[in-house]
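What follows is a set of notes on a single structure, which appears directly below.
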Amino acid sequence: QVQLLESGGGLQQAGEALRLSCRASGVIFDTYVFRWFRQAPGKEREFVASITWNGGSTNYADSVKGRFTISRDKTKTTMYLQMDSLKPEDTAVYYCNTGGSFIAAARGIYWGQGTQVTVSS
């Protein structure tokens, strides 16, 4: 069982930056893939980025590539999402996710409660 707790969301202007954190607790295996998903109002939940817990290999959605950076600190069992050059279309609830699959963009079985990110133009 893994518990995930996101933080760091808020209101930001376009072009600015935010950093999200996801603190994990419970049994975390080195084979886990940690992911960020997001869901905007009226839209499907979509993959944003992923990182392997063990080796730190990363993957990004095309929409955020070059602007967002995913990382993790194993000593703090925390994953981060540095979001730079924010756009209004980045507005969504951001969810931390892991477990259940080794595929980068797949939906794992453990979810956080989500953190709201709002970008004004």
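What you see is a predicted model; the values in this text were computed from it and never measured.
Of the possible donor and acceptor atoms, one in the side chain of Thr78 sits under 3.5 Å from a partner among the backbone N and O of Lys76. With Asn54 contributing its side chain and Thr31 its backbone, the two residues share no donor-acceptor pair below 3.5 Å. Formation of a donor-acceptor pair under 3.5 Å by the Thr52 side chain with backbone atoms of Ser57 is found in this model. No donor-acceptor distance shorter than 3.5 angstrom exists from the side chain of Gln12 to the backbone of Ser120, with no hydrogens or angles considered. No donor-acceptor distance shorter than 3.5 angstrom exists from the side chain of Tyr110 to the backbone of Gly100, with no hydrogens or angles considered. Thr91 places a side-chain N or O within 3.5 Å of a backbone atom of Pro88 that can act as its donor or acceptor partner.
Taking all atoms of both residues into account, the shortest heavy-atom contact from Arg35 to Ser50 is CG-CB, 3.8 Å. Minimum heavy-atom separation, Tyr95 to Gly112: CD2-O, 3.7 Å. Scanning both residues, Leu81 and Trp36, for their nearest heavy atoms gives CB-NE1, 3.5 Å. Listed here is the closest heavy atom pair of Ile70 and Tyr60: N-OH, 2.9 Å. Shown here for Val93 and Gly114, the closest heavy-atom pair between the two residues is CG1-CA, 3.8 Å. Counting all heavy atoms, side chain and backbone alike, Ala17 lies closest to Gln82 at CB-NE2, 3.8 Å.
Once rounded to the nearest 0.5 Å, the distance linking CZ of Arg19 with OG of Ser71 reads 7.0 Å. A distance of 11.0 Å separates CD in Gln39 from CD in Gln116, rounded to the nearest 0.5 Å. Distance check, rounded to the nearest 0.5 Å: OG1 of Thr77 to CD of Gln3 gives 11.0 Å. Tyr94 OH to Glu6 CD: the interatomic distance, rounded to the nearest 0.5 Å, is 12.5 Å.
For the pair Arg45 and Trp111, the cation-pi test (distance below 6.0 Å, angle within 45°) is passed.
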Intermediate values then yes/no, side-chain contact (heavy atoms from CB on, under 4.5 Å), Thr98 and Trp53: CA-CA 10 Å; Thr98 193; Trp53 194 248; over 6 Å; no
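When the salt bridge (charged side-chain N to carboxylate O under 4.0 Å, His left out) test is applied to Lys65, the partners found at least two apart in sequence or on another chain are Asp62. When the salt bridge (charged side-chain N to carboxylate O under 4.0 Å, His left out) test is applied to Glu46, the partners found at least two apart in sequence or on another chain are Arg38. Listed by chain and number, the residues in a side-chain hydrogen bond (donor to acceptor under 3.5 Å, both in side chains) with Thr75 are Asp73 (sequence neighbours excluded). Residues passing the side-chain contact (heavy atoms from CB on, under 4.5 Å) test with Ala40, sequence neighbours excluded: Lys43, Ala92.
Residues Val2 and Ile109 share a hydrophobic cluster, clusters being chains of Ile/Leu/Val/Met/Phe/Trp/Tyr side chains in contact below 4.5 Å. Placement of Val27 and Phe34 within a single hydrophobic cluster is found when ILVMFWY residues are connected by side-chain heavy-atom separations under 4.5 Å, directly or transitively.
Listed by first then second residue, pairs satisfying disulfide (SG to SG under 2.5 Å) with a partner in residues 64-121 read Cys22-Cys96, not counting sequence neighbours. Among residues at least two apart or in separate chains, there is no disulfide (SG to SG under 2.5 Å) pair with a member in residues 35-92.
Checked options Ile51, Leu4, Leu20; the residue passing with Met79 is Ile51 (criterion: side-chain contact (heavy atoms from CB on, under 4.5 Å)). With Phe68 as reference, Leu86 is the one residue of Leu18, Asp84, Leu86 to meet the side-chain contact (heavy atoms from CB on, under 4.5 Å) rule.
For Gln113, the CD atom counts as densely surrounded, since its 6.0 Å shell holds more than 12 non-hydrogen atoms of other residues, nucleotides or ligands. More than 12 heavy-atom neighbours from other residues, nucleotides or ligands sit within 6.0 angstrom of CG on Leu11.
Between Phe37 and Phe47, the ring-plane angle classifies as perpendicular under the 30° and 60° cut-offs.
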